[in-house]
Protein chains: 2
Amino acid sequence: MVTIKDIAKLANVSHTTVSRALNNSPLIKEPTKRKILDIASQLNYTPNYNAKSLVMQKSHTIGLFFSTISDGTSTSFLADAIKGVNSVISEDYNLFVRGIDDYEDFSSINSKRYDGIILMSQSDADNAFIYHVREKNIPLVVLNRQLEDRTIINILSNDREGSHHAVNYLIKCGHQKIAIIEGKEEFKSSHERKNGYLSALIEKNIPIHHEYSEKGNYEMQGGYTAMEKLLSLEKPPTAVFCSNDDMAIGAMNAIFAKGLSVPHDISVIGFDDIGFAKYTTPRLTTVKRPMEEISIQGAKSILSLMSQQEDQGGNHFENTELIIRDSVRALNDSSPV
Amino acid sequence: MVTIKDIAKLANVSHTTVSRALNNSPLIKEPTKRKILDIASQLNYTPNYNAKSLVMQKSHTIGLFFSTISDGTSTSFLADAIKGVNSVISEDYNLFVRGIDDYEDFSSINSKRYDGIILMSQSDADNAFIYHVREKNIPLVVLNRQLEDRTIINILSNDREGSHHAVNYLIKCGHQKIAIIEGKEEFKSSHERKNGYLSALIEKNIPIHHEYSEKGNYEMQGGYTAMEKLLSLEKPPTAVFCSNDDMAIGAMNAIFAKGLSVPHDISVIGFDDIGFAKYTTPRLTTVKRPMEEISIQGAKSILSLMSQQEDQGGNHFENTELIIRDSVRALNDSSPV
DNA sequence: CAATAAAATGTTCACGTTAACATTTTGATT
DNA sequence: AATCAAAATGTTAACGTGAACATTTTATTG
């Protein structure tokens with residue numbers, strides 16, 4: 001492996017001069033600079049980042065952490081987040097991807113190792129991690145889950161508003177018996193989305209029936225099982241708000257399995273707008289959550305946070321959007337807006 | 001930041017003794033070892049991995065590279081690979097994720113920075129990368145694409161066999177007019193899967209019609225468009241082999257859009273067995289490709305390759321499996337095996 | 001052309017750790 | 001107790017780089 005000292009010898013200068021030349025310091029005369037750069041490229045020199053990091057106290061590494069990678073994080077969620085972050089950070093940053101639940105303790109997570117951390121947070125259980133990162137003074141951006149601590153940069157979609165909007169749409173379509181299939185209980189988003197569902201019903205004075213709430217887990221099978229239970233009720237709902245698209249797909253399958261049709265017998269609405277939502281039969285009406293946009297914003301934020309030290313915390317909401325397709329039926333004449 | 005020298009001072013020993021104690025060297029007496037470990041944990045000591053890496057010439061980093069992350073890599077593919085690798089490597093390795101197409105040149109990829117590299121290879125264009133990694137003497141495992149070079153560890157599914165099997169099944173079901181929707185042209189797997197399709201037809205002496213081959217791109221929209229073309233043929237096929245599930249889903253949608261039914265009017269078979277395949281309507285018959293298993297094997301291989309230096313190259317095939325669901329209809333009496 | 005400031009380059013140290021070699025302590029043997 | 005081997009610990013250097021300070025070279029000015 002060739003080092004700056006090797007280059008120094010060949011160029012007949014000190015290794016510091018080489019260092020300066022490679023870092024494009026204005027202190028070095030043009031001719032020598034060129035000579036050094038020439039030799040460096042001829043020798044195929046590449047800097048040793050460990051040495052660099054050691055002396056400069058920077059790691060050139062950004063950590064992208066998920067609450068969990070193996071347990072219940074949907075593929076599209078994981079992939080969209082990585083794609084988003086990846087598209088923003090430049091070649092000279094390393095991107096480390098890991099799940100918080102992979103760690104027994106957080107001792108290996110410190111400012112020497114990470115210049116910045118993006119946390120894709122799904123659960124309150126992440127708070128210990130957040131606390132640790134803050135304590136170690138590592139620049140941090142939290143995505144996807146709202147924090148009380150307003151000093152932390154926080155980028156997320158307004159899930160409550162999104163689900164409120166969705167349920168409101170069902171009501172406008174004439175539905176009154178509206179059920180919900182909830183998300184994974186440990187995930188904050190589940191509660192946000194349920195709250196939007198509740199607030200929409202309350203706003204329109206529609207009574208809330210306990211039996212219209214079914215627990216789910218954000219997985220297709222969970223949506224299927226939950227829907228089966230709803231269908232076996234004495235008075236089944238006419239519409240179901242599913243807390244994510246995966247469960248909506250499972251729910252539709254449960255409906256088909258009973259010989260019923262969507263949206264004729266039961267209307268279904270989802271959340272996320274994953275790629276497949278356009279290709280279900282019927283096409284799924286859902287709330288679009290701009291996951292990739294959120295991670296792009298997150299990556300940009302962490303970069304600016306790392307360069308300037310001005311820590312401008314607070315929430316940044318990316319808007320959700322109701323995507324109307326074919327899985328909801330209007331029960332009344334007044335066509336919905 | 002607390003270093004081993006700080007600990008040394010407090011323990012009244014040399015920093016080397018501390019280093020040895022922390023690394024559990026047998027040279028250190030039990031009592032001193034305990035004392036040092038105590039102090040270390042009290043001070044909340046965490047090792048500086050940059051220093052460690054610098055002197056030990058190890059990076060504690062495993063690179064997981066994709067041909068591309070942003071351009072045409074399906075979400076389930078990306079996520080399954082990361083999940084698989086992540087589940088195997090231990091806490092003291094960093095997992096680095098990046099797309100090859102993010103790099104202008106590979107100069108930053110060297111053995112100081114990566115202890116090992118797992119390449120999820122989709123395209124011949126990766127060969128330059130592979131060559132570079134080999135030249136730098138970085139342990140390498142290539143997943144998902146067959147290499148000529150038998151000295152490189154290579155783990156993949158036998159796609160040709162899988163698609164042969166699938167098309168054979170269609171034939172056994174009485175189909176003769178069997179079309180194919182091909183994958184992304186630049187990806188090796190597309191050709192493998194097409195070859196399996198062709199060999200199955202040839203084996204059974206079924207004439208190959210040029211118009212029954214449609215180009216696709218591994219995306220749902222591509223499957224849709226390709227299917228539309230097939231349906232507009234004078235003699236449309238009775239069965240379609242789609243080179244992945246995403247396109248199969250798109251194809252089914254195109255069939256529905258024409259008012260036709262799957263499998264009654266046209267049979268559809270996919271490849272991959274993604275999570276959604278169980279939840280399409282009808283449920284998708286497909287070839288299961290054990291992506292997560294492949295990445296788990298890949299991660300295990302890279303770890304063993306990194307520890308022992310015995311480089312045992314060659315291909316390791318993970319078996320595909322035909323998953324029979326409801327999207328293929330038997331045209332004849334003889335029920336298929 | 002000397003004096004002096006500015007520019008260019010060199011010397012030495014530091015970063016935090018492990019490793020090679022050196023020294024001291026311990027314990028067994030006579 | 002003296003001797004010696006083994007065990008435990010210490011000293012110093014090394015990894016590759018950047019930074020502070022020191023020195024030399026160059027350009028500018030009177």
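Convention: sequence-line order gives letters A, B, ...; per-chain numbering from 1.
Across every non-hydrogen atom of A/Ile109 and A/Lys136, the tightest pair is O-CG, 3.9 Å.
Nucleic acid contact class of A/Ser53 (heavy atoms, under 4.0 Å, all strands): none.
A donor and an acceptor atom, one from each side chain of A/Ser121 and A/Arg145, are located under 3.5 Å apart. There is a side-chain donor-acceptor pair under 3.5 Å between B/Arg113 and A/Asn94.
Between the side chain of A/Asn154 and the backbone N or O of A/Arg150 there is no donor-acceptor pair closer than 3.5 Å. A/Ser190 places a side-chain N or O within donor-acceptor distance of the main-chain N or O of A/Lys184, the cut-off being under 3.5 Å.
The stretch residues 36-47 of chain A touches DNA chain D through A/Tyr45, A/Pro47, each having a heavy atom under 4.0 angstrom from the strand. Residues from residues 22-29 of chain A with heavy atoms under 4.0 angstrom of DNA chain C, sorted by number: A/Pro26, A/Leu27, A/Ile28, A/Lys29.
Contact annotation: A/Lys52 reaches the phosphate of D/dG18 (side-chain N/O to OP1 or OP2, under 4.0 Å). At D/dT9, one or more side-chain N or O atoms of B/Thr32 fall inside 4.0 Å of OP1 or OP2 (strictly under the cut-off).
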- What is the per-nucleotide protein-contact pattern of nucleotides 10-15 of chain D, from the 5' end, where B denotes a base atom under 4.0 Å from a protein heavy atom, S denotes such proximity for sugar-phosphate atoms only, and - denotes neither? BBBB-B
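Put simply, the side chain of A/Thr151 reaches to within 4.5 Å of the side chain of A/Arg134, judged on heavy atoms.
Across the protein-nucleic acid pair, A/Arg34 atom CZ and C/dA8 atom P stand 13 Å apart, rounded to whole Å. A straight line from CG of B/Asp6 to P of C/dC15 spans 10 Å, rounded to a whole angstrom. Atom pair B/Ile4:CD1 and C/dA19:C1' shows a separation of 12 Å (rounding to whole Å applied). The distance from atom CD of B/Glu30 to atom C1' of C/dT26 is 17 Å, rounded to the nearest whole Å. Across the protein-nucleic acid pair, B/Asn50 atom CG and C/dT18 atom P stand 13 Å apart, rounded to whole Å.
Atom NZ of A/Lys112 has more than 12 neighbouring heavy atoms from other residues, nucleotides or ligands inside a 6.0 Å radius. Other residues, nucleotides and ligands place no more than 12 heavy atoms under 6.0 Å from the NZ atom of A/Lys300.
Under the 30°/60° scheme for interplanar angles, the aromatic rings of A/Tyr218 and A/Phe187 are found to be tilted. Using the six-membered ring where Trp is involved, A/Tyr93 and A/His60 have ring planes that are tilted, between 30° and 60° apart.
Applying the ring pair (Phe, Tyr, Trp, His ring centres under 6.0 Å) test to A/Tyr131 and every residue at least two apart in sequence or in another chain returns nothing.
For residues 5-38 of chain B, no residue pair satisfies the ring-ring contact (aromatic ring centres under 6.0 Å, His included) rule, not counting sequence neighbours.
Looking at B/Phe65, B/Tyr103, B/Phe66 one by one, the single match for ring-ring contact (aromatic ring centres under 6.0 Å, His included) with B/Phe129 turns out to be B/Phe65.
In the helix from C/dC1-D/dG30 to C/dT30-D/dA1, the end axes, each obtained as the rotation axis mapping the C1' atoms of four pairs onto the next four within a five-pair block, lie 50° apart to the nearest 10 degrees.
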